[in-house]
*Asks:* 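Before we start, here is the structure in question, set down as structure tokens.
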Amino acid sequence: MFDFGIIPPAMFVGMVLFMLYGFPVAFSLAAVGLFFGIVGIATGHFSEAFLQALPLRFFGIVSNDLLLAIPFFTFMGAILERCGLAEDLLEGTGKLFGRIPGGLAYAVILVGAVLGAITGTVAASVITMGVISLPIMLRYGYSPRLATGVIAASGTITQVIPPSLVLVVLADQLGKSVGDMYLGAIGPSILQVAIFMGYILILSILKPASMPPLPKEVRGDFNWALIFKVLSGMVPSIVLIFLVLGTIFMGLATPTEAGALGVVGAMVLAAMHRRLTWPLMQEAMRSTMHITSMVVMILIGSTVFSLVFQGMDGSRWIEHMLSGIPGGPVGFLIFVNIFIFVLAFFLDFFEIAFIVIPMLAPVASALGIDLIWFGVLICVNMQTSFMHPPFGFALFYLRSIADRNVKTSDIYMGALPWVCMQLILVAIVIFWPQSVTYWLDKGPKVDPNSIKIEVPGFGGNGLSLPPLGAPGGSPQMPGLTLPPLNGLPGQPPAQAPATPAAPPPATDLRQPSKIN
């Protein structure tokens, strides 16, 4: 463990202790990095030349165009959170599915997936669906544990469904394309929605009393007016999803440009719902500024820590420890996911992405693991950080808007089955990598043996020069005279060369040469 010195393990332990103490993460990382950098310079384990790269690294962070996608997507989600789109979607789909047991739960899952595809933020999805759906579900006989669990879980789907902020950050840390990360996340997103809906289906068969259908007077008649109401909420959402994701997948826009398009689309939707007001814009801008500043400060602090950690051969220490895990790449992935699952009890997903991923990515690459698969797998794992008690942020959001009659113990206990389903998805992605890589564009497959390079030759049907001389010695191309092959013009023709003598017999190298 200490083949590369005592300082890298000490840095890691110091970082954990600072965070457990509760000091702000960004300043904890920078302080630990600078402290051990000074210790390393004093003991001769670290060169001060590494610190000269810090200004360039800081400039690289603030000038990174990819990170502009974070404020754009955050601003878009903050507008949509307040524009009334979620209310229309939940009301229409709730009435559409309300005639079957668990209908409201199906509606919450579907609307959570749609909101995840247009907002990218957990807080917006959980709070919006909790305010609208939770009182209705409790009023009409849904189990409190089921109601709170399905709302919290549907909000966390946002972390996997593009345009998730987690995927943007992971793409930046792994040095991969955001578009590829989005494509890789399509399969797990569909699987997650299918697993959630399958659970509701099984539970509605086994325990229909815990999720009764809505009364006829509440859900209304199934007619064209209801279908039109659902479509009027879905179509603008689909258009916005195309603006954000379709332009990225088709190569028409970068993630940053797509985020800007999403902001414009969100403002148009807010105007359509007559809620585009200056107070709404102020709240959205304040929320965006807070999140963006937090991300940039954590990224700067993690840069200081990682620079010193790399200079101390910390990456080689991590690789030395993790490369020897039994089971090869699968064993490494299982260990990493357990490790991140435990860290998610205490750290936010931004902190995990900026601190842990730069340490693990080189090891994954050395083991031959596709980094897109690795990044999406980590994203699927990190969504559990919003769900598992006692520090899940989705549970905190739900507790803040739930009625006092809803017990905190019901919220926590209701979350456990959904955490298990999220862990099932983690296992599926580990043992079935095609769930991620199938959606990636691998480009045209060409067999190298079938490649033929044809160079135009002389005298063929392609590029050719006229023959040097026609019969009789005159060239075929007028105006071009070449000296005859047997002499220069005006000189007597040279004598024909004598017939060359027969070549000497080949020497048999197996016999020793004879000396006369």
*Asks:* State, to 0.1 Å, how close P417 and Y199 come at their nearest heavy-atom pair, and which atoms those are.
*Replies:*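 P417 and Y199 have their closest heavy atoms at CB-OH, 3.7 Å.
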*Asks:* Decide side-chain contact (heavy atoms from CB on, under 4.5 Å) for L167 and Q159; before the verdict, give the C-alpha distance in whole Å, the side-chain angles of both, and the deciding distance to 0.1 Å.
*Replies:* CA-CA 8 Å; L167 293 172; Q159 292 302 295; over 6 Å; no
*Asks:* Atom CZ of F339 and atom CD1 of I352: how far apart are they, to the nearest 0.5 Å?
*Replies:*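 F339 CZ to I352 CD1: 9.0 Å, rounded to 0.5 Å.
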*Asks:* What's the separation between atom CG in L29 and atom CZ in F309, rounded to the nearest 0.5 Å?
*Replies:*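 Going from CG on L29 over to CZ on F309, the span is 12.0 Å.
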*Asks:* Should V295 and F354 be marked as a side-chain contact (heavy atoms from CB on, under 4.5 Å) after you check the CA-CA gap, both sets of side-chain angles, and the distance that decides it?
*Replies:* CA-CA 9 Å; V295 171; F354 290 143; 3.8 Å; yes
*Asks:* Look at the side chain of R286 and the backbone N and O of M281, then say whether any donor-acceptor pair between them is shorter than 3.5 Å.
*Replies:* no
*Asks:* Heavy atoms, side chains only, cut-off 4.5 Å: are L333 and W373 in contact?
*Replies:*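 They are in contact (side-chain heavy atoms under 4.5 Å apart), so the answer is yes.
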*Asks:* At their closest point, which heavy atom of I79 faces which heavy atom of A284, and how far apart are they?
*Replies:* CG1-CB, 4.0 Å
*Asks:* May I ask you to test the I378-V336 pair for a side-chain heavy-atom distance under 4.5 Å?
*Replies:*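 Yes. Closest side-chain heavy atoms under 4.5 Å.
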*Asks:* Without swapping roles, check the side chain of S365 against the backbone of A361 for a donor-acceptor pair under 3.5 Å.
*Replies:*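 Side chain of S365 to backbone of A361: no pair is present.
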*Asks:* Are any side-chain N or O atoms of E257 and backbone N or O atoms of T254, one a donor and one an acceptor, separated by less than 3.5 Å?
*Replies:* yes
*Asks:* In the structure I gave you, are the side-chain heavy atoms of L360 and I340 within less than 4.5 Å of one another anywhere?
*Replies:*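 Result yes, sub-4.5 Å side-chain heavy-atom pair found.
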*Asks:* At what distance, to the nearest 0.5 angstrom, does CG of L425 lie from CG of N381?
*Replies:* 10.0 Å
*Asks:* Enter the distance from L261:CG to T256:OG1 here, rounded to the nearest 0.5 Å.
*Replies:*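 If I round to the nearest 0.5 Å, the distance is 11.0 Å.
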*Asks:* Does S293 reach the main-chain N or O of H290 with its side chain, forming a donor-acceptor pair under 3.5 Å?
*Replies:* no
*Asks:* Taking all atoms of both residues into account, what is the closest heavy-atom pair of A364 and L371, and its distance?
*Replies:* CB-CD2, 4.1 Å
*Asks:* Does W432 form a side-chain contact (heavy atoms from CB on, under 4.5 Å) with L191? I'd like the steps, not just the answer.
*Replies:* CA-CA 12 Å; W432 187 30; L191 287 173; 4.1 Å; yes
*Asks:* Quick one: sort the Y182 and F249 rings into parallel, tilted or perpendicular, breaks at 30° and 60°.
*Replies:* perpendicular
*Asks:* What I'd like to find out is whether the side chain of L395 reaches to under 4.5 Å of the side chain of R399, using heavy atoms alone.
*Replies:*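 No; the side chains remain at least 4.5 Å from each other.
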*Asks:* Please round to the nearest 0.5 Å and tell me the distance separating atom CD1 of I151 and atom CD1 of I109.
*Replies:* 11.0 Å
*Asks:* Within the 4.5 Å heavy-atom criterion, are V376 and P188 side-chain neighbours or not?
*Replies:* yes
*Asks:* Step by step, work out the side-chain contact (heavy atoms from CB on, under 4.5 Å) result for V304 and V32.
*Replies:* CA-CA 9 Å; V304 177; V32 171; over 6 Å; no
*Asks:* Enter the distance from N337:CG to I430:CD1 here, rounded to the nearest 0.5 Å.
*Replies:*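 These two atoms lie 4.5 Å from each other.
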*Asks:* What closest approach, in Å, do A258 and I248 show between heavy atoms, and which atom pair accounts for it?
*Replies:*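 Where A258 meets I248 most closely, the heavy atoms are CB-CG1, 3.5 Å.
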*Asks:* Please confirm whether the backbone N or O of M289 pairs with a side-chain atom of T292, one donor and one acceptor, at under 3.5 Å?
*Replies:* no
*Asks:* Under a 4.5 Å cut-off applied to non-hydrogen side-chain atoms, are L110 and M197 in contact?
*Replies:* yes
*Asks:* Indicate yes or no: at least one non-hydrogen side-chain atom of S302 is less than 4.5 angstrom from one of P358.
*Replies:*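 A side-chain contact is absent here, since even the closest heavy-atom pair is not under 4.5 Å.
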*Asks:* Could you tell me whether a side-chain N or O of S287 sits under 3.5 Å from a main-chain N or O of E283, the two making a donor and an acceptor?
*Replies:* no
*Asks:* Of the non-hydrogen atoms in L170 and A353, which two are nearest, and what is the gap between them?
*Replies:*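 Closest heavy-atom pair between L170 and A353: CD2-CB, 4.2 Å.
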*Asks:* Can you name the nearest heavy-atom pair linking Q383 to Q192, along with the distance?
*Replies:* NE2-OE1, 2.5 Å
*Asks:* Can you find a side-chain donor-acceptor pair between Q422 and T156 that sits under 3.5 Å?
*Replies:*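 Q422 vs T156: donor-acceptor pair found between side chains.
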*Asks:* Between S164 and I161 (side chain of the first, backbone of the second, donor and acceptor by atom type, cut-off under 3.5 Å), is there such a pair?
*Replies:* no
*Asks:* Please examine the side chains of V193 and I157, heavy atoms only from C-beta on, and report whether any two atoms are closer than 4.5 Å.
*Replies:* yes
